[in-house]
Structure formats: structure tokens, C-alpha cells
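Note that the coordinates shown come from a computational prediction; the quantities given were computed from them, not determined experimentally. All ligand and atom numbering here is 1-based and tracks the order in the structure.
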Amino acid sequence: MSETALRISRAGSANALELRGVSRHFGALVALSDVSITVRAGERRAVLGANGAGKTTLFNAITGDFPPTAGRIRFFGEDVTQLPVHDRIRRGLRRTYQISMVFKGLSVLDSLYLAARGVSRGRFSFIRQHEGDPSLQAAREMLHAVHLDHIANTLVADLAHGQQRQLEIGMALAGAPRFILFDEPAAGLSPVERRELIQILGALPAHIGYIIIEHDLDVALRVVESVTVMHNGALFKEGTPDEIQGDADVQRIYLGGAHG
Ligand SMILES: Nc1ncnc2c1ncn2[C@@H]1O[C@H](COP(=O)(O)OP(=O)(O)OP(=O)(O)O)[C@@H](O)[C@H]1O
């Protein structure tokens, strides 16, 4: 059995995500049109598509930031279509954003500790960390998972861009995630930082599946086993990284320069 097949079989037989006929309108604009996607537990998938194809809207529908205007979404078998964002987070769904969401005034370790405690920034000053605190232990594990041990006490404001993105991934690992949505994690990264990102994603715990939106195909196609291509808000094609790279239609609408 291949490493990928083994990882997915260990994650269990459930589907992590099932989208059926999901649409999202903004007034007259159809940002997402009748999208049906199934992602198995433990599966790692890329969503590709030109600017405006509907990729971020897809994430917003899955997280509940902008719930669908039609269709159903199941997360590990449970219908979450109408659930608020925090209830999906409680069920193990996580997300990183295109725009940095970290707090510049905290240290790296404190940011991860705060994420592990699941508290808001305003309450943070009332918390005293102590050795043996399970959240501190969890924060150190997250720190290690995203290769930031050597700068645990550095202020977030002083981090390089790539290190900030690694921190965001670390924060998404807080509190037993089962599935993570990564929104363009390689954007703005140097070649060295991209290689590090590939290593970090590849070393995530086996049961954690994800969807990655990523314009850099050298990153996207190396960290997934399946690909969904979107076009004009609709599902255009699904396949393995090899199938998608070799597909003439995909070449035409996306890889061949249609992407702006
Ligand atoms: N909150 C919103 N209000 C109005 N229109 C929106 C909103 N969010 C997205 N759209 C529109 O929906 C369409 C799809 O946008 P979306 O951001 O999902 O595309 P994308 O594939 O993520 O693009 P990119 O690669 O540029 O991030 C676009 O026409 C966009 O302008």
C-alpha cells in the first residue's frame, strides 16, 4: 500500500467533507455554482483556478464565514450547512487566510499558547503560564511542527514573512484539528521558504486532511494527492496531480496563461 493510501486508510472510512450542489450568490453575482465535492478523511487536495474562479468563496462556504445560498455541506458526516463558524471550529475544522491574521505584539510561543488556550487577545494578559500547563506543552509541539523552535521568544512583528506564514499554520494546529483549509500559504514566500512549507505540510499528523488553494503549482501539486480545478464558480475538473497537469482543457483555462 502506498504511503498516501495508508495515511487515508488510517484516518478512517468517513468522508471529511461532502459538498452537494453548493452555490453562493452575492446579489446578482454567482460566485459559486452547484459545486459537489467529496474529500475523504486524511485526504489532501489542491483547489486550483484563475483569479475569481470561486476558490476563496468555496472556503467561506465550508467555514461558514459566508454560508451557501443553496446546497448542503457535511463535515465528517454531520450536516453543518447552517452551523455558525465557531461550531465548525469546535468540530475540528480550521482555516488559514490569504491575509496575515497574527498579532504583531505577541511572541511566537505566546501566539501559539493563546491559540492552544482558545482565548481572545483581550483576556491574554490575565493568564499566567506555568510549566506543566497542557496548553504550554501543546504550544511547544505546534512550535516544533512549524519549525519555529529557534525563535520561540521573538516578537511576531520581527518575523520574516515566511516565518509569519509558518506561525499561522502552527495556530491552525491548535485544539485537535481534523481538517484544515489553507488559503495560498506560499504567497510571497522565497524559494527556500517554499521548500520549508512543503516539508511542514508533508510532516503534518497523518489523520489531518486539508484543502490547499495555491497558485504556485510547484508547491500545490507536491503536497496533495488530488486536485479540483474551478472555473467561473463551478467545478471544472478533478484528478490526480499528474492527470491535472497533463489535461489539455486545464492547460487551456488555467495552466496555459489564462490565470491573471
Ligand atoms: N463578499 C463578497 N461580496 C461580493 N462579491 C464577492 C465576495 N466574495 C467574493 N466575491 C466575488 O465572487 C467571485 C469569486 O471570488 P473568489 O474570491 O472566491 O475567487 P478566487 O478564486 O478565490 O480568486 P483569487 O485567486 O483572486 O483569490 C469574484 O467575482 C468575487 O469578486
Side-chain angles (χ1 to χ4, degrees), residues 17-39 44-73 75 80-86 88 93-102 161-162 164-165 168-169 172 179-189 193-194 197 201 209-224 226-239 241 244-245 247 249-260:
L17 274 173
E18 291 171 66
L19 276 66
R20 292 290 169 266
V22 170
S23 299
R24 172 73 211 197
H25 296 203
F26 292 106
L29 182 106
V30 183
L32 213 53
S33 172
D34 196 20
V35 170
S36 295
I37 296 177
T38 302
V39 185
R44 297 172 177 190
R45 178 178 301 224
V47 172
L48 307 180
N51 294 118
K55 306 179 297 295
T56 300
T57 304
L58 178 75
F59 273 16
N60 285 332
I62 295 170
T63 58
D65 285 298
F66 286 107
T69 38
R72 311 303 304 171
I73 298 177
F75 185 60
V80 298
T81 317
Q82 300 303 330
L83 282 189
V85 176
H86 63 265
R88 303 183 200 213
L93 181 64
R94 299 285 182 278
R95 170 188 199 165
T96 68
Y97 289 83
Q98 273 178 38
I99 302 160
S100 201
M101 299 295 275
V102 287
H161 175 68
Q164 274 196 28
R165 311 283 340 213
E168 284 162 36
I169 295 173
F179 201 85
I180 307 179
L181 305 172
F182 293 113
D183 201 345
E184 295 196 38
L189 299 193
E193 290 170 336
R194 277 163 202 247
L197 174 68
L201 293 179
Y210 58 71
I211 298 178
I212 179 170
I213 295 175
E214 187 47 67
H215 285 301
D216 182 339
L217 296 183
D218 289 338
V219 174
L221 299 181
R222 283 174 63 181
V223 296
V224 301
S226 58
V227 183
T228 294
V229 182
M230 294 182 63
H231 189 52
N232 290 340
L235 199 146
F236 183 71
K237 211 140 243 184
E238 289 186 301
I244 293 298
Q245 260 184 313
D247 188 287
D249 294 333
V250 175
Q251 298 266 348
R252 183 170 48 77
I253 66 128
Y254 182 62
L255 305 176
H259 165 56

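- Residue contact check: H215 has heavy atoms under 4.0 Å from atoms 25 (O) of ligand 1.
- Side-chain atoms of E214 never come within 3.5 Å of backbone atoms of A46 as a donor-acceptor pair (strictly under, hydrogens ignored).
- At least one heavy atom of G54 sits less than 4.0 Å from an atom of ligand 1.
- Short contacts between ligand 1 and T56, defined as distances under 4.0 Å to a heavy atom of the residue, involve ligand atoms 17 (O), 18 (O), 20 (P), 22 (O), 27 (O).
- Side-chain contact check for F75 versus I62: every heavy-atom pair is 4.5 Å or farther apart.
- With a 4.0 Å cut-off on non-hydrogen atoms, L29 touches ligand 1 through its side chain and not its backbone.
- Of all the heavy atoms in V35 and A234, the pair that sits closest is CG2-CA, 4.3 Å.
- Looking at M230 against ligand 1, nothing comes within 4.0 Å, counting heavy atoms.
- Within the 3.5 Å criterion, the main-chain N or O of E238 finds no donor-acceptor partner in the side chain of T228.
- The main-chain N or O of T63 is never found under 3.5 Å from a side-chain atom of R95 such that the two would form a donor-acceptor pair.
- Between V22 and P68, the closest heavy-atom pair is CG1-CB, 3.8 Å.
- For the pair R20 (side chain) and R72 (backbone), a donor-acceptor distance under 3.5 Å is absent.
- Judged purely by atom type and a 3.5 angstrom limit, R45 has no side-chain atom pairing as donor or acceptor with the backbone of V224.
- At least one heavy atom of A50 lies less than 4.0 angstrom from ligand 1.
- Listed by number with element, the atoms of ligand 1 under 4.0 angstrom from any heavy atom of T57 are 9 (C), 14 (C), 15 (O), 16 (P), 18 (O).
- Listed by number with element, the atoms of ligand 1 under 4.0 angstrom from any heavy atom of A53 are 19 (O), 20 (P), 21 (O).
- Residue contact annotation: F59 has no non-hydrogen atom under 4.0 Å from ligand 1.
- Each of the atoms 23 (O), 24 (P), 25 (O), 26 (O) of ligand 1 lies under 4.0 Å from some heavy atom of N51.
- In terms of polar-atom proximity, defined here as any N/O pair under 3.5 Å, F26 makes no such contact with ligand 1.
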